[in-house]
2 protein chains.
Amino acid sequence: MKERGKYYAVVADDHAIVRSGLRAALETPGQIDPDGIEVTGEAENGLEAIALARQHKPDLLLLDVQMPLAGGAEVVVEVRRWSPDTKIVVLTGVTAIGMISALVDSGVDGLFSKGDDNQELYMRLPSILRGQRYIARRFVAALKEKPKGAQLTGRERQMLNMILAGHSNKDIAGILGISVKTVDKHRTSMMQKLDVHSVPQLMAFALREGLVDPASEL
Amino acid sequence: MKERGKYYAVVADDHAIVRSGLRAALETPGQIDPDGIEVTGEAENGLEAIALARQHKPDLLLLDVQMPLAGGAEVVVEVRRWSPDTKIVVLTGVTAIGMISALVDSGVDGLFSKGDDNQELYMRLPSILRGQRYIARRFVAALKEKPKGAQLTGRERQMLNMILAGHSNKDIAGILGISVKTVDKHRTSMMQKLDVHSVPQLMAFALREGLVDPASEL
DNA sequence: CGCAACATGGGGCCAATCCCCCATTCAAGT
DNA sequence: ACTTGAATGGGGGATTGGCCCCATGTTGCG
């Protein structure tokens, strides 16, 4: 715990414009912190974000969830592992309930929508740095009205990703070294959980709900 | 044609952080223009962008392609219709060849990647305002090495969108009021053009290549 | 320990897909 | 006037998918 003094931050986003915009807001004295928050590093993909957080151990990590090489809740978990005192604040462009839910569960300290006015972010950051947690109102509402825990098992999620990559049941069976029937079983039970009834519907659903990472290597 | 004097611009992006970042860069004197470029409006979706361009008739429109309500090349064409003297500069997060190709064909004055350093944008803007055209090097290279004209007919593109929305052949036939066999024919010939051999592969390909608009309500 | 959940397989059935063949109409070029 | 291409529609067959039945192991948890 730190008592008083300059804060240090790392910003991670795949778009340079966003990084410089955030840097400007953070570093401007009086905007968020009376002394300004010093940005000690910028990451343009998930792996860089994890590496920088590990090296710099910043007070704050401003993180986009849609990034190349690594994205989503996994980055949050990784950063936590290596730098437990870093407050992780996620900015997301996707508002899909699946992704939001995963992020909240992963234990982010702050969660904001890129579409909303960033004043909300700037206003809440000081209290987040002091240990408070804040999830944007729109997300809290969305999670409440739809607590639909369509949770998939590990194998099922794996199937989903491979199906979205364009692999057939037979392909998947070959790649994973298991029977086609087993693949079929996983796919079938997954589709029942999600209440869809064909592979195209499954793909459309997964895309819409953000159950998988579209930035991943599909 | 204007000779000398202050430039006026409109910025359009669905993320507030990006808008404020661009506004700051444009308005800072000396950064791009000696007197700075005045931002007279901000749009957070495609329709707003078209409306603002029509009202303000700015010298410059900085435009994101992935926006709610309207996106992609359509916005460029619309803006051209209503404000032919506005220089349209597109910033894109997607680097998919299909989208890039459509944008170049639509006649943008500038095309830049959000992932690249924005210095490239700032350096080129003055000459674009003077009437030069500039497409980011990475896109020129991508278009050259892959002039693959996988062009679909109107009906085929329509099939593609409905398939991606999760509709089966039978569904589509019902919606469009045509025979299932005709739907099958369109889908088959489309898949041959694209060299894919199943609906999941088709979807994966379309997503990867940006042949369809992922921002549309699918 | 029991027991639920997960992962692994198999048989079988019907519907949907993938892909070949074919024909007709209609509009746009050259 | 001839050809090309898009759009419409059909027959038929091989393959795959969607979903039901069933069984076997292996975990994790109270």
Side-chain angles (χ1 to χ4, degrees), chain A residues 77 98 101-102 105 147-209 211-212 218, chain B residues 98 102 105 147-209 211-212 218:
Chain A
V77 178
S101 172
D105 290 348
K148 188 200 234 171
Q151 53 192 11
L152 306 177
T153 69
R155 242 355 186 196
E156 283 167 356
R157 184 166 274 108
Q158 200 172 1
M159 295 300 128
L160 182 54
N161 278 291
M162 300 195 72
I163 290 171
L164 254 87
H167 297 296
S168 69
N169 285 0
K170 197 192 283 180
D171 285 346
I172 300 173
I175 296 170
L176 297 182
I178 58 180
S179 159
V180 183
K181 288 306 265 182
T182 307
V183 175
D184 180 75
K185 177 66 185 61
H186 287 313
R187 186 187 39 63
T188 300
S189 52
M190 171 175 52
M191 292 198 309
Q192 282 185 331
K193 284 182 184 175
L194 300 179
D195 192 32
V196 295
H197 305 281
S198 74
V199 164
Q201 276 178 40
L202 177 65
M203 296 184 75
F205 178 87
L207 252 40
R208 195 171 52 236
E209 294 300 316
L211 289 178
V212 290
L218 88 165
Chain B
D105 292 346
K148 185 201 238 173
Q151 52 193 12
L152 305 178
T153 69
R155 238 5 183 188
E156 284 167 354
R157 187 166 270 105
Q158 201 173 1
M159 295 298 129
L160 183 51
N161 278 291
M162 300 195 71
I163 290 172
L164 254 85
H167 296 298
S168 69
N169 285 2
K170 197 192 286 179
D171 285 345
I172 299 174
I175 294 169
L176 297 182
I178 58 180
S179 158
V180 182
K181 289 305 272 184
T182 307
V183 175
D184 181 72
K185 176 67 185 63
H186 287 312
R187 188 184 41 61
T188 300
S189 52
M190 171 176 48
M191 292 198 308
Q192 281 185 334
K193 285 182 185 175
L194 302 178
D195 191 34
V196 295
H197 305 281
S198 75
V199 164
Q201 275 179 43
L202 178 64
M203 296 182 75
F205 178 87
L207 253 39
R208 194 171 52 234
E209 295 301 315
L211 290 178
V212 291
L218 84 166

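Nothing here was measured: the structure is a model prediction, and the numbers come from that model. Numbers restart at 1 for each chain; the letters A, B, ... are given by sequence-line order, proteins then strands.
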Base C:dC18 paired with B:Asp184 side chain (donor-acceptor, <3.5 Å) = no
Choose from C:dT17, D:dT16, D:dC20 the nucleotide whose nearest atom is closest to any side-chain atom of B:Arg187.
-> C:dT17
Nearest heavy-atom neighbours spanning B:Val199 and B:Arg187 = CG2-CD, 4.1 Å
Separation of A:Leu194 atom CG from D:dG18 atom P, in whole Å?
-> 13 Å
N or O in side chain of B:Gln192 less than 4.0 angstrom from C:dC20 OP1/OP2 | yes
Scan B:Asn169 against the nucleic acid and name what it touches under 4.0 Å (heavy atoms): base, sugar-phosphate only, or nothing.
-> sugar-phosphate
Atom-pair distance (CE on A:Met191; C1' on D:dC20), nearest Å = 13 Å
Could you check how far NE2 of A:His167 sits from P of D:dT16, rounded to whole Å?
-> 16 Å
How close or far is atom C1' of D:dA7 from atom CZ of B:Arg157, stated in whole angstroms?
-> 16 Å
CE/A:Met203 to CG/B:Leu202 distance, rounded to the nearest 0.5 angstrom?
-> 9.0 Å
Scan nucleotides 3-10 of chain C against the protein and return all N/O pairs shorter than 3.5 Å with their distances rounded to 0.1 Å.
unit_1 : atom_1 : unit_2   : atom_2 : d
C:dA7  : OP1    : A:Arg155 : N      : 3.2
C:dA7  : OP2    : A:Thr153 : OG1    : 2.6
C:dT8  : OP1    : A:Arg155 : NE     : 3.1
C:dT8  : OP1    : A:Arg155 : NH2    : 2.5
C:dT8  : OP2    : A:Arg155 : NE     : 3.1
C:dT8  : OP2    : A:His186 : NE2    : 2.7
C:dG9  : OP2    : A:Ser179 : N      : 2.8
C:dG9  : OP2    : A:Thr182 : OG1    : 2.9
C:dG10 : OP2    : A:Ser179 : OG     : 3.0

Does any non-hydrogen side-chain atom of A:Met190 lie less than 4.5 Å from one of A:Ile163?
-> yes
Are any of the side-chain nitrogens in B:Glu156 or B:Lys193 under 4.0 Å away from the carboxylate oxygens of its partner?
-> yes
Partner of B:Leu176 under side chain to side chain contact (heavy atoms under 4.5 Å, CB included), chosen from B:Gln158, B:His186, B:His167 | B:Gln158
Which pairs, with at least one residue in residues 195-204 of chain B and sequence neighbours excluded, count as a side chain to side chain donor-acceptor pair (under 3.5 Å)?
-> B:Asp195-B:His197
Closest of D:dG18, C:dC19, D:dG17 to the A:Ser168 side chain is D:dG17
Take the protein atom NZ of A:Lys170 and the nucleotide atom C1' of C:dC18, then report the distance between them rounded to whole Å.
-> 13 Å
Rounding to a whole Å, what distance do you find between B:Ile172:CD1 and C:dA16:C1'?
-> 13 Å
For A:Thr188 and A:Asp184, indicate whether the former's side chain and the latter's backbone hold a donor-acceptor pair under 3.5 Å.
-> yes
Which value, rounded to the nearest 0.5 Å, describes the distance between B:Lys170 atom NZ and B:Ser179 atom OG?
-> 12.5 Å
Starting at NE2 of A:His197 and ending at C1' of C:dT17, how long is that distance when rounded to a whole Å?
-> 19 Å
Could you tell me whether a side-chain N or O of B:Thr182 sits under 3.5 Å from a main-chain N or O of B:Ile178, the two making a donor and an acceptor?
-> no
Rounded to 10°, tell me the angle between the two end axes of the helix from C:dC1-D:dG30 to C:dT30-D:dA1, each built from five pairs.
-> 50°
